[in-house]
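Comments concern the structure below.
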Amino acid sequence: MQLTTKDVRMNLHAADKKEALAMLADILVEDGLTTQNYVHGLYDREAQTTTYLGQGIAIPHGTPQSRDDILATGVRLVHFPDGVVWGDEGELVYLAVVIAARSDEHLQILKQLTKILSQDIAQKINSVKTADELLAIINDKPQSLLLNQHLIQIDEQAKDADALFATAVTALKKTRAVNTLSLLPSQPLAVSDLVQCISFVGDDHQVAQSALSLAIAKHDITPRAVAVIVANEKLDARKLASVYDVLMGEEFGLALHQADIHAILQLLDIQETSWPSKDALILNEHGLHARPATILSALAKQAKGEIRVSVDGGDFVSAKSLSRLLSLGAVRGQTLTFIAEPNTEAQGYLEKLTQAVTDGLGEKVLPLSHQSEHAELSDADALVEMPADKHLERGEKIPATIASSGVAIGTTFVVREQQVDYPMIADDPQAEFERLIGAIERVQAELSSTIASANNADVAQIFMAHVALLDDEEMVFEAKAAIDAGSSAEAAWQACIDDAVEIQSKVTNPLLAQRAADLKDVGQKVLLALTGQDWQAEPKTPYVLVKEDLLPSDVARLDPSCVAGILTAVGGSSSHSAIVARALGIPALVGVGFGILDISQDTPILVNASEGWFVIEPSDAMILQGKQAQESLKQRQQLANQHALDSAITIDGHQVEVAVNLGSVHDAASAVASGADGVGLLRTELVFMTHDQVPDVQAQMRDYEQVFDAFDARPVVVRTLDVGGDKPLSYLPMPDEDNPFLGLRGIRLSLKQPKMLKDQLTALILASKGRDLRIMFPMVSKLEEWLMAKSILEEVKARYPHDRLQVGIMIEVPSAAIMANAFAGEVDFFSIGTNDLTQYVMAIDRGHPVLSQEADGLHPSVLMLIHQTIKAAHAHGKWVGVCGELAGDSKAIPILLGLGVDELSMSVSSIALAKQQVRELSLAECQVLAKHALNCRTANEVRALRLESDA
Ligand code: PEP
Ligand code: MG
């Protein structure tokens, strides 16, 4: 039975108990719960014994004989601010909880009432003003004692009780259980020789949550453990007593000696009041960012009862609050610990929430490759700095980060922070709160209609996250507290938003920190709704939008036919704004620096977001060039699309296969339509990852058949399973390695799982049905590996012959490139994996958040190995492909052609343009270029080279 304001009557006055009972009976009749006759039941019951409960509360109800007068079970809360003499000792009642109970549904409410009686709440009940306030008191159940594994520490270094005390207090502070450090401890209580217990008691401002923290020394010292208890008035005193009993017990001593945290938790969990907890690992690539956090908070909100969550043992926040979830800044590899309020439905949600996190909260997740992944990632993230403020020289090219490519020419429309004026204080809290709720609801309705009309899924998802941000009880609760303290709705709201933005922007993960922009955005909308102000109107002619940060809502309101381009002072290429700008196809540069906001309105500007620079007040010549670049980009794509299905033959008649890299068998048909001459790399580990367990031969055949059917007679190069390194397979046990990229990956792993390799080879041969199948083994570093893999294939072929089968290896380990001559006599072809080859040649982790951009496949060292590989292959009459990212890089294509590559394999979006580029090249010229490239000293020197005809 859930009480709402409809069940409350405020400000009633009665001269005595009899009159009060008559009024109560009238209310029950009015609400259809009883007949008029029930009043006699109330009188009779009171005559037997008083229903006075204590703390200014009475629970009048009828006798068993009066049950026939009850029409429906119900409870009403009636407030008598002047009090009514009720108890035998003349006690005053301020709150009458009148009950009409046919069965026992009301017992829950009575239980609730008996719990709050342990607190000193008479004063509060006496002075409440609103139904909401009254309900808040009633629903304020006594707090339990927070205790979970993060509050039990084994202190390896502890030499004495002081050290243990410090450890225990640190853990408590992390939970935010204590708001002030100025609490005075009660006398240390030596519970036993083993445990010293120190407790702090404060009010609920000082102690937000009663909690127990235990520090245990690793070595045998006296005392062995220190327990620190912080308690407020809401803590059930009986719980405290039972905790002391446990701490003194023999079993506890044993658990302490064995440092058995699980047993300790179980022992202390003697009453239902301990908060149960459950952990889940975050596997989402970008951590707990807005979209997964929205799903998580929505799920938590379904539970009645409090659910809190912390990351890696840090502060606990409400799992129902989206802004608090985002403020955790949780990244991939960190552990979320959920705790649930005992004896509530929330407890049952621990399993659901942790499962949802493990499943990726709506995103595809990959298992962690290594336990220390997160530590490495966050350390590296710390090195990623915001772009420094650049000097904005007029007429000069100024570099910036590309968010969405293209070229824009126009005049600036600079949007500066809009000043919103509002009073800071107000004197009618109720009215202010209603205004705030009204404004939030208006904004939510507006957002919902934007979502409904959005024709872009990215935009819709962002606004869904905004709706969820506004549906944040904690934020509204905070604003209400400020309003109750005398703030205007605007001031209270803005303060909450500022706090949330500040917390969010301090998060170390740059991707999550960028979500502060979303908070600012929704915050501003509500503020404008409160003050009735509108946004700055945009020009109606094409302009370049200049802003501190591009708020997602800006983008959605933007008319792409008017917004030629976008420049922002801050932001990264993965910010929401960038994602949406890309989706809308508006050229955009981000992270330009704050100086950009100082330029005047209507300043001419040229944005080249294909090359990553812009020019303020460009010369006429620059504008002309920009226009030409725009036009040629457009025409080029059109032309390429028109000829996507034509072959890629140079002007001097040399044909190159342009194939596709496939990660999903479902993309096969569209790749054919986009002009792929064949498949140059089918990454079968990605196909395996779509299964929950190792797919058997039949299941694999079904997958592979889709590719063979789509490509029919065209060649299909399939790479055998390449797991390990950055690509673990959840259902395949992997050793824990310090350097997984140098460990059991690719063919090394397959050779340890010969049955799996055999099955895969069988499935490929059977699925190809005699079509042009080319199998290659990944990560081959020495001849022995090739020989072993080949012999396994021979076994399969003996059973399932295939006449057209070619077998090759990937060249992605330097030793294989260096030994290409030895391999070339053995294989049918090579495919160069420049991603890994570059990583291993340059010793730069290809996934390194900061360094990876320096791992350029056009480095001369890599080109030399490619050159050597091709020479060896051609000398043996074998063909060579390139299937790393370099194959789709327009700068690299002429060089690779010049080096003699026979096939280029790339992502589907690059195919049409790459083919077009090949058709405009001359092989002879490319060969000259490649020679020059091999003589360069740096990757930049290679990138600066021009074809003779372009020079
Ligand atoms: C490569 O290493 O270049 C390659 C194509 O393989 P992957 O990127 O899948 O490791
Ligand atoms: Mg590779």
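Any value given below was found using the heavy atoms of this structure, including those in side chains, with hydrogens, waters and symmetry copies removed.
- A pairwise comparison of heavy atoms in S488 and P423 identifies OG-O, 2.5 Å as the closest pair.
- The backbone N or O of G87 lies less than 3.5 Å from no partner atom in the side chain of E89, so there is not a single donor-acceptor pair.
- Contact between A489 and I483 at its shortest, heavy atoms only, is CA-CD1, 3.9 Å.
- Contact check on E478 versus K480 returns no salt bridge, with no Lys/Arg side-chain nitrogen under 4.0 Å from an Asp/Glu carboxylate oxygen.
- Counting non-hydrogen atoms of other residues, nucleotides and ligands closer than 6.0 Å to CG of D428 gives a total above 12.
- With H79 contributing its side chain and T130 its backbone, the two residues share no donor-acceptor pair below 3.5 Å.
- Between the side chains of E434 and Q430, at least one donor-acceptor pair of N or O atoms lies under 3.5 Å.
- No side-chain donor-acceptor contact under 3.5 Å links R76 to the backbone of V97.
- Look at E30 and R9 and you find a salt bridge, because one of the NZ, NE, NH1 or NH2 atoms lies within 4.0 Å of a carboxylate O, short of that distance.
- Side-chain contact between E306 and T344 is absent, with no heavy-atom pair separated by less than 4.5 Å.
- Proximity of W86 to L92: side-chain heavy atoms (C-beta onward) are nowhere separated by under 4.5 Å.
- One finds no salt bridge joining D484 and K129 here, because no Lys/Arg side-chain nitrogen approaches an Asp/Glu carboxylate oxygen to under 4.0 Å.
- Heavy-atom minimum distance, S213 versus A168: OG-O, 2.7 Å.
- Of the residues listed (H61, K17, K18), the one engaging E46 in a side-chain hydrogen bond (donor to acceptor under 3.5 Å, both in side chains) is K17, and it is the only one.
- Side-chain atoms of Y38 do not come within 3.5 Å of backbone N or O of I70 as any donor-acceptor pair.
- Taking all atoms of both residues into account, the shortest heavy-atom contact from A479 to C496 is N-SG, 3.4 Å.
- For the pair W493 (side chain) and G523 (backbone), a donor-acceptor distance under 3.5 Å is present.
- Here the closest heavy-atom approach between residue G74 and residue L33 is recorded as CA-CD1, 3.9 Å.
- Looking at heavy atoms from C-beta onward, V476 lies in side-chain contact with I437 at the 4.5 angstrom threshold.
- Not a single donor-acceptor pair under 3.5 Å links the side chain of S321 to the backbone N or O of S318.
- Side-chain contact between L361 and V357: present, with at least one pair of heavy atoms (C-beta onward) separated by less than 4.5 Å.
- Smallest separation of non-hydrogen atoms from L325 and V317: N-CG2, 4.4 Å.
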Show the numbers, then the answer: is there a side chain to side chain donor-acceptor pair (under 3.5 Å) between D44 and Q65? CA-CA 10 Å; D44 291 347; Q65 294 74 22; over 6 Å; no
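- Ionic pairing of K6 and D31 is not present here: no N-O contact between side-chain nitrogen and carboxylate oxygen is shorter than 4.0 angstrom.
- Counting non-hydrogen atoms of other residues, nucleotides and ligands closer than 6.0 Å to CD of Q48 gives a total above 12.
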